[in-house]
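For reference, positions follow the sequence shown, starting with 1.
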Amino acid sequence: MSALTELLLLLTLFASYFTPLLATGISDYDESQQGIQGGLFGFNRALGRRVVYLGLALAALINRKKLRVAGTFAYNCFFKRLGNHDNQQKRLNAFYEGQASVYDATRGGLLRGRKTMLRLCAAELERASEGKGGLVWVDVGGGTGWNIEQMDAIFGIRNFERVYLVDLCEPLCSVAEQRFKAKGWTNVVVVCQDAATFKLPGLSSIEASADLVTMSYSLSMIETFYPVVDRLASILKPQTGILGVADFYVSDSTDKSRLHQQPSKHSSPHRLGYHCNWFTRMFWQHWFELDHVFLHPCRRNYLEHVFATHKAFNGRNHFVIPQLIQIPYYVWLGKRPSGTCAAGGSLAQPSTATASGWVRHPYRPERPEHAQFTTYIYAFTWEDPRCDLQVLDLKPGDSLLVITSAGDNALAYAAAHQDQITLHCVDMNPCQNHLLELKLACLRTLEYKQFWQLFGNGQIDGFANILDSILSPWLSPEAYQYWRNNVDTFGGSQTSSAWAKRMAVGKWLGATNLYTTGYSGLALQCLHAMLRLTGTRRAAQRMVENTLSLSEQQLEWRRHMRGWVRGTLATLFLDNPVIMWRLLGVPINQWNMLRSEGSMSQYISDTIEPVMAGTSLAYDNYFYHLLFALRYSPTCCPAYLTKEGFDNLQRTLRADTPLSDRCTFRLHTDTILDVLAKMSPGELTKAVIMDHMDWFSEDSAQQEVSALARVIAKGGFVLWRSAARLPWYVEVFEKNGFAVEPISVRQPNTMQPLDRVNMYASFYKATKL
């Protein structure tokens with residue numbers, strides 16, 4: 001409804017109420033003497049009714065086209081008698097004959113995900129074809145040709161040698177023919193045949209001929225779907241061919257039963273947002289069956305049995321009434337299986353490492369150790385890579401094991417040394433590797449300006465479109481699913497939940513960019529709420545401005561912030577083990593190590609005072625800059641965000657870079673112990689395990705150090721940080737054949753920071769003898 005119509009209806013309602021009052025005279029109006037009744041129901045009732053009728057008539061006149069479309073749709077869908085038909089084609093013809101001309105105008109809000117599917121397919125074609133042309137596309141159940149018209153804006157129909165629209169419904173095919181004729185497309189052919197037996201004119205052989213096959217809300221309408229899916233598998237090109245599907249669905253009665261079964265070779269048991277509750281499953285399945293639309297999960301299950309899942313997204317269409325109506329739909333891309341498929345349903349791509357500079361090792365997302373994580377803990381890494389690089393002395397041929405975290409330090413190592421080194425990035429939380437994988441894909445495909453918006457500012461407009469159209473071919477299915485379901489990460493409060501919006505409007509809590517998401521982001525939100533509450537937020541902002549000298553920064557800290565940070569922050573946050581774990585990711589074992597070194601007030605003093613006195617938050621210390629600014633600045637950011645670092649990393653990740661100049665990332669979603677168990681003796685030269693050992697019990701530490709001793713080559717070494725000055729597990733390293741030496745140990749009341757973070761009491765190196 002247009003704004004003009006809404007205004008007209010509003011004026012009509014006002015007129016229907018006030019016109020009788022004005023006619024009787026305002027001065028004569030008296031509620032106690034039944035003025036309202038006299039005005040509304042007396043001799044002026046006819047006048048008011050005429051005004052209402054006139055307003056409604058004018059609104060209908062202005063929107064007569066929309067009303068005609070809506071009326072045509074309603075009549076053909078709900079009131080028209082279809083009669084009895086002996087085959088599906090006759091029934092489809094009878095159903096769509098009267099509404100074919102308004103089909104596209106009435107399905108936009110109902111059939112969601114079609115453009116997403118087309119963008120994903122176009123991105124895959126762009127990567128596979130590299131502009132070579134000669135492509136063949138078959139749109140099965142293409143109806144009026146809406147998909148093909150939309151694809152022209154996304155990819156360009158003239159990039160296809162041939163495009164075939166296959167549909168059984170004659171009225172819809174007629175609309176498509178008229179559409180293509182008006183466009184002047186001579187390479188588009190309408191084939192009005194059955195999806196299980198169609199022939200493609202102009203092709204010498206239909207087998208393995210199609211580069212792209214799409215089905216947009218048609219699989220659910222085909223009664224006998226098994227031969228159709230088999231037919232699509234036969235016409236799709238192996239290896240490079242893409243099948244794209246967008247459709248309604250309902251899930252199995254329970255997703256959990258599948259976790260205890262051996263997964264099908266090509267199925268994808270992990271589908272983020274796949275499961276539907278009982279009411280959703282029963283209601284929508286039976287509702288759509290009234291229109292001969294079948295949502296039973298066997299259709300999607302068979303699709304994923306025949307094809308290897310390449311990308312998938314499960315959504316909910318909040319149709320008409322967002323909080324009440326939630327129709328499940330999915331967008332899915334698959335390929336003909338060729339070679340090995342990863343456990344868990346994602347398509348294994350052995351060439352990914354050499355083609356892109358990284359590989360995501362397969363994992364089982366439904367396993368409890370992975371399924372417990374719904375987001376990342378760390379949106380940024382909290383260890384200083386500058387000190388690491390000074391000790392690592394990376395050389396060509398080095399093989400490093402690092403904890404992924406947010407991926408910042410792994411990227412810093414690679415940006416500093418682009419020679420042929422291998423970085424094994426390990427994290428049990430899949431979302432941490434999703435974050436690193438996104439950064440790698442962005443480095444591979446985006447320009448520096450966009451990359452900075454994403455990871456410097458933490459915000460960018462149109463992230464969903466960038467994800468679908470540019471990044472998707474370079475992401476694993478699991479990473480794509482995660483980011484497609486979290487596109488608001490880079491949009492902040494504009495697309496966050498209603499509760500978060502209200503809090504963000506109040507400027508207290510609410511995610512506003514990448515760095516205010518995850519558990520670390522919640523900690524930053526709480527920090528800034530405290531800054532506002534104590535009236536020190538402006539002082540914190542001044543400390544990251546590039547107009548302050550180091551002495552002025554220190555003065556600002558002492559005058560406005562030192563008192564409440566050393567007092568209130570220590571009492572409310574750092575002295576609470578639950579808050580330390582939930583907001584800062586500090587487990588109870590490490591918290592106990594912190595407390596054993598002294599009071600929390602002393603710990604804060606030893607940590608922050610040297611940082612404020614010895615590092616610039618405007619030009620060098622990007623860790624604390626992010627804390628107070630919630631974003632980086634061009635003068636204060638991690639190495640991978642500088643233009644030089646970006647260029648170095650992009651050069652190593654581009655396909656035309658010689659292998660001798662490559663730094664290869666291998667992303668492992670597993671425990672360090674399990675990753676080490678799969679490695680050969682002496683395979684690693686170095687390992688950086690952050691503060692990981694602080695989390696362990698004695699038995700767990702012994703197991704991991706023993707595994708490191710087997711895998712680290714002689715002369716190689718392990719680096720770690722600890723909350724304790726003398727960690728108890730130093731002896732465990734020594735017993736397993738390592739020579740341990742402290743690189744730096746922080747002493748109480750010192751003003752010399754260990755590094756720019758300065759939150760750890762010690763930095764150690766253990767060399768394999």
Side-chain angles (χ1 to χ4, degrees), residues 375-384 405-408 435 438-439 442 450-461 463 486-497 499-548 553 556-557 560-561 564-565 569 573 579 582-585 608 611-612 615-638 640-642 756-757 759:
T375 187
Y376 37 82
I377 296 176
Y378 308 105
F380 48 90
T381 302
W382 200 243
E383 281 82 14
D384 193 345
S405 187
D408 298 351
L435 180 55
L438 180 69
K439 290 179 179 180
C442 291
Q450 287 179 304
F451 188 76
W452 174 264
Q453 287 177 303
L454 279 165
F455 302 108
N457 293 333
Q459 283 182 318
I460 194 169
D461 293 330
F463 175 67
N486 291 277
V487 292
D488 58 340
T489 297
F490 297 94
S493 59
Q494 294 179 352
T495 52
S496 58
S497 66
W499 177 84
K501 283 182 181 180
R502 289 194 298 269
M503 299 301 287
V505 169
K507 297 182 179 181
W508 288 97
L509 292 175
T512 56
N513 67 1
L514 168 67
Y515 298 111
T516 54
T517 60
Y519 286 102
S520 62
L522 182 57
L524 290 192
Q525 293 178 42
C526 292
L527 171 64
H528 278 257
M530 291 292 294
L531 291 174
R532 292 180 184 277
L533 188 64
T534 57
T536 55
R537 185 169 181 268
R538 181 56 190 143
Q541 292 177 332
R542 282 196 297 268
M543 288 197 298
V544 299
E545 294 174 354
N546 55 16
T547 56
L548 286 185
Q553 170 188 294
E556 197 76 28
W557 160 256
H560 300 287
M561 300 189 65
W564 81 265
V565 169
L569 184 64
F573 287 88
I579 292 179
R582 291 295 183 184
L583 296 185
L584 302 178
I608 302 182
V611 168
M612 296 301 169
T615 66
S616 171
L617 274 58
Y619 293 102
D620 184 39
N621 195 329
Y622 63 82
F623 301 97
Y624 287 86
H625 183 102
L626 180 66
L627 286 189
F628 295 139
L630 299 179
R631 65 189 66 237
Y632 296 112
S633 74
T635 60
C636 195
C637 61
Y640 77 93
L641 281 173
T642 65
R756 289 173 291 182
V757 176
M759 281 197 169

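In terms of heavy atoms, H560 sits closest to A539 at CB-CB, 3.6 Å. Listed here is the closest heavy atom pair of V611 and N621: CG1-ND2, 3.4 Å. Counting all heavy atoms, side chain and backbone alike, L531 lies closest to T534 at O-OG1, 3.3 Å. Shown here for E545 and A618, the closest heavy-atom pair between the two residues is O-CB, 3.4 Å. Across every non-hydrogen atom of C637 and T642, the tightest pair is SG-CG2, 3.8 Å. A pairwise comparison of heavy atoms in K439 and D408 identifies NZ-OD1, 2.6 Å as the closest pair.
Under the 4.5 Å side-chain criterion, counting only non-hydrogen atoms from C-beta, Q541 is not in contact with F628.
Judged by distance alone, with hydrogens and angles left aside, the side-chain atoms of S405 form no donor-acceptor pair with the main-chain N or O of T381 at under 3.5 Å. Q553 places a side-chain N or O within 3.5 Å of a backbone atom of T615 that can act as its donor or acceptor partner. R756 places a side-chain N or O within 3.5 Å of a backbone atom of D620 that can act as its donor or acceptor partner. N513 contributes no side-chain N or O that, together with a main-chain N or O of T489, makes up a donor-acceptor pair within less than 3.5 Å.
Residue L527 holds its CG atom at 12.5 Å from OG1 of T516, rounded to the nearest 0.5 Å. From F455, atom CZ reaches atom CG of L514 across 6.5 Å, with rounding to the nearest 0.5 Å. To the nearest 0.5 angstrom, C442 atom SG is 8.0 Å from I460 atom CD1. Here the straight-line distance linking atom CZ of R631 with atom CD of Q453 works out to 11.0 Å at 0.5 Å rounding. Between the CE atom in M561 and the CD atom in E556 there is a gap of 9.0 Å [rounded to 0.5 Å]. T375 OG1 to Y519 OH: the interatomic distance, rounded to the nearest 0.5 Å, is 7.5 Å.
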Next item on the list: Kindly indicate, with the supporting measurements, whether the criterion side-chain hydrogen bond (donor to acceptor under 3.5 Å, both in side chains) is fulfilled by S633 and Y622.
Entry: CA-CA 8 Å; S633 74; Y622 63 82; over 6 Å; no
Check: Could you walk me through whether L617 and M612 pass the side-chain contact (heavy atoms from CB on, under 4.5 Å) check?
Finding: CA-CA 8 Å; L617 274 58; M612 296 301 169; 4.1 Å; yes
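Note: Y515 and Y632 meet the aromatic proximity criterion, with ring centroids under 6.0 Å apart. Ring pair Y640/W452: centre-to-centre distance not below 6.0 Å.
Between F490 and F463, the angle of the ring planes lies from 30° to 60°, which puts this pair in the tilted group.
Checked options Y619, W557, W382; the residue passing with Y624 is W382 (criterion: ring-ring contact (aromatic ring centres under 6.0 Å, His included)).
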